[in-house]
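Step one of this worksheet: look at the structure below.
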4 protein chains.
Amino acid sequence: MRKDPPALKPRKLPVQARSATTVEALHAATIQVLTQQGLARCTTTRIAARAGASVGSLYQYYPNRDALLAAVLARKLSGVSAAVDLACRAQQGQPIAQMAVALTRAFLAAKLHNPDESKALYAVAAQRGGAALIAQAQASMVVSIATMLASAADVHVANPAVTAEVALNTLVGSVRALLEGLMSPEVAATLETQLGALLTAYFQTHAVARAAASALARE
Amino acid sequence: MRKDPPALKPRKLPVQARSATTVEALHAATIQVLTQQGLARCTTTRIAARAGASVGSLYQYYPNRDALLAAVLARKLSGVSAAVDLACRAQQGQPIAQMAVALTRAFLAAKLHNPDESKALYAVAAQRGGAALIAQAQASMVVSIATMLASAADVHVANPAVTAEVALNTLVGSVRALLEGLMSPEVAATLETQLGALLTAYFQTHAVARAAASALARE
Amino acid sequence: MRKDPPALKPRKLPVQARSATTVEALHAATIQVLTQQGLARCTTTRIAARAGASVGSLYQYYPNRDALLAAVLARKLSGVSAAVDLACRAQQGQPIAQMAVALTRAFLAAKLHNPDESKALYAVAAQRGGAALIAQAQASMVVSIATMLASAADVHVANPAVTAEVALNTLVGSVRALLEGLMSPEVAATLETQLGALLTAYFQTHAVARAAASALARE
Amino acid sequence: MRKDPPALKPRKLPVQARSATTVEALHAATIQVLTQQGLARCTTTRIAARAGASVGSLYQYYPNRDALLAAVLARKLSGVSAAVDLACRAQQGQPIAQMAVALTRAFLAAKLHNPDESKALYAVAAQRGGAALIAQAQASMVVSIATMLASAADVHVANPAVTAEVALNTLVGSVRALLEGLMSPEVAATLETQLGALLTAYFQTHAVARAAASALARE
DNA sequence: CATGAATGAGTCTTCATTCAT
DNA sequence: GATGAATGAAGACTCATTCAT
């Protein structure tokens, strides 16, 4: 008999205390192995060994290797999403230039806080199932950013969702280049400034000054 | 058993017609298998079979699987680099806004000409050895773009290399999002326009009008 | 990506000479391991080792363990079917009592020629896919037997197909009991005689004397 | 790790009500899992889960998985044996034709009452230890049948034990074919009749009319 | 007594690579 | 040069059994 469609969801919820410990250890171990050995060498055996557990335990909590990797990726993505969302909420009603800078800063901080981990997870994201998680995180961030943009004090952004998405892709592109070692030191050194300026310029392109907008509306 | 120092260079140059044919078939087969089955199932046996050759023949031309994959990736990257270079040369001395648009168009065209192939090759790029090839291609494109920017008719770009790199990362970020299915239809539909506008705005931020620059220089 | 419906068919036809050798060795080894260690311990590794080959070779010819087992079973069943068919053809037009004896003798000989092998294959037959092979062999034998019965010189068998099937099941039941060691020495010693008598009696129950039949028809 | 001398006896007798309940639930669960998932997927964990117990509890009552399976098989076999025995006792002193029919009916009823269960248990019977249980049940039934045959009103069966054994194997053969789906609808529809006739014919072959026997004895 | 987390040996299966033909 | 059979290390995953809680 064949297996059902291979779930990527965790297999069961830990009910005993030590379960939580094991799951946590597996998460940490996965990131370590991923970081130090790469995705190809990130085997269930190695993860379990690093976690001080047995393969059996790993499979008690995850139906397969991909599910574990997906869980680790999902957690990381949630963290980034949350950080971006937090920053966006804090900028509600501010001028658009400040928003651009704050968004850039928050995103870079979240992604670069643990660069090795972020880099290692790119490989995971490329796996089956990774795209969906990324998509979800991106969507969440687009909403946060769009909401923020719509509240800008000084300008009226014509199409916040589209603008937010393009902006996010831009940030992602640069961060990826940085993490993968493709970025020159000159750019890396001034990345935040560069991206802040870039986004500011971009946002203003797609925006109309509030005053003008109001005037238009009044006519 | 894996060897420790796995050369990534082709084993020999095809000097005979038959060789060239086989190599060509292997390249094409690799892309097909990669596209249709994914990197994990892109095995030497399958590639050879698809190419109508034997595994033995494959190893006649490439020392190992990674070398073949690297060669395929390298060729694709050269193509993109060349396309970008061509476009940049054609824009020498033009206004900066036109450069932004032309660059965007050329890059998108090169990457999206065969989207499945481009997407499949991301997985290859994530492999050991892929980063170096990407780095090389990026560097080449940065030079092309920077040279173009420096020749802009209307503005003087302060630091063309840095600006070029940031711009390239931006383009890469959006293309990647598109290829991986992370882009909303709205953005995808107007991608070229959006990116053209974004880059135009960005370039102008980092630039000083030629007249002003001359004036400044004259003082 | 998941695998296609798991074929039980051999993977490829041997084109080189040594292939045939390997396949033959695998067959023989399978039977040996099955006989000596039982189905549960009949692992691909053990089979390959016994065959003096590597696991890899095994999988070159069979897509999975079950396919190999199925092939071994199928070959055995063909042998039995063929033997029964041969015997039945030889009895065309003979008196029914002689048919019963000849059938019994042929079936017992085929099954008991290599009792360990026959016994070991019962476990295989119980596996997924085994039933189909058995069904096929049974069907073939039923046809052979029914054809024979229909040609009996002395009696007219009313429903040869049904009679043949019941007879075959009877033979199978006794042989199985014998092979699995469930048969008392007394019965085992006279098995052929007993079954011959049983089938003769049964056949005559379901038959009408040719003379009577002709008479009936003539009325 | 498997232990070398794996006792197949239940570890302890259920003396408390709760125990009896658990054991009962385990039995029922085993049959369900066996029926629905097959022997290979009939794991201790699954059985326990289905029984609403924990693996630990399972091992409280059975030293290992095989012992549980053996117990389930044994119970089923006892049931069949008992049914046959009951029927045989009821036929004491009856004419032999009636005995044949009654025996057939009883055996078929017992085996086909729950066909899925019967079929699933074949796999268990093929395991190590299963043969012994089968042998025991067969022996018991042979005694019952032989005793019955010896008491036939109309005929004197020469060797009741042998005749009984051959008859039982015949029944078993047909039932097995039916359960494993090897039987054609035509035969299945009239199975009881066919087997009744077959056995009647067979019994009479091995018998001498009582009158004749008495006459012979008197000479 | 019950629970269920942990264990890890043992399965099947794949695939890069070699080398005799 | 070409072929493709053989190799065997390595990976994912299962499951009977134990034992701390």
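Below, read A as the first sequence line, B as the second, and so on, with proteins coming before strands; counting in each chain starts at 1. Only heavy atoms go into these numbers, but all of them, side chains included; no hydrogens, no water, no symmetry mates.
For C/Tyr59, a side-chain nitrogen or oxygen approaches OP1 or OP2 of E/dT13 to under 4.0 Å. Contact annotation: B/Tyr61 reaches the phosphate of F/dA2 (side-chain N/O to OP1 or OP2, under 4.0 Å). Residue C/Thr22 places at least one side-chain N or O closer than 4.0 Å to OP1 or OP2 of F/dA6. For F/dG4, the OP1/OP2 oxygens have no side-chain nitrogen or oxygen of C/Gln60 closer than 4.0 Å. OP1 and OP2 of F/dG11 both lie 4.0 Å or more from every side-chain N or O belonging to A/Thr44.
Residues B/Ser118 and B/Lys76 have side chains in contact (heavy-atom distance under 4.5 Å, counting atoms from C-beta outward). At least one side-chain heavy atom of C/Leu69 sits less than 4.5 Å from a side-chain heavy atom of C/Gln127. Using a 4.5 Å heavy-atom cutoff, the side chains of D/Arg46 and D/Thr43 are in contact.
No contact: D/Ala48 has no heavy atom under 4.0 Å from any strand. Among the heavy atoms of the strands lying under 4.0 Å from B/Ala40 are primed sugar atoms or P, OP1, OP2 only; no base atom is included. B/Thr43 comes within 4.0 angstrom of the backbone, heavy atoms only, and of no base. Counting non-hydrogen atoms under 4.0 angstrom, D/Ser57 reaches a base of the nucleic acid.
Both B/Gly56 and B/Arg46 lie near DNA chain E, and the one whose nearest nucleotide falls closer to the 5' end is B/Arg46.
Counting to the nearest Å, the P atom of F/dC13 and the CD1 atom of A/Ile47 are 11 Å from each other. If you take CD of A/Gln127 and P of F/dA12, they are 11 Å apart, rounded to a whole angstrom.
Judged by distance alone, the side chains of D/Arg50 and D/Gln36 do bring a donor and an acceptor atom under 3.5 Å apart.
Of the possible polar contacts, one joining the D/Thr30 side chain to the D/Leu26 backbone as a donor-acceptor pair under 3.5 Å is found.
Looking at the side chain of C/Ser54, the nearest of the listed nucleotides F/dT17, F/dC13, F/dT7 is F/dT7. Comparing atom distances between the A/Val55 side chain and each of E/dT17, F/dT7, E/dG8 picks out E/dG8 as nearest.
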*Using Watson-Crick or G-U wobble pairs with both distances under 3.5 Å, give me DNA chain F in dot-bracket, 5' to 3', with [ ] for crossers and | for pairs to another strand.*
.||||||||||||||||||||

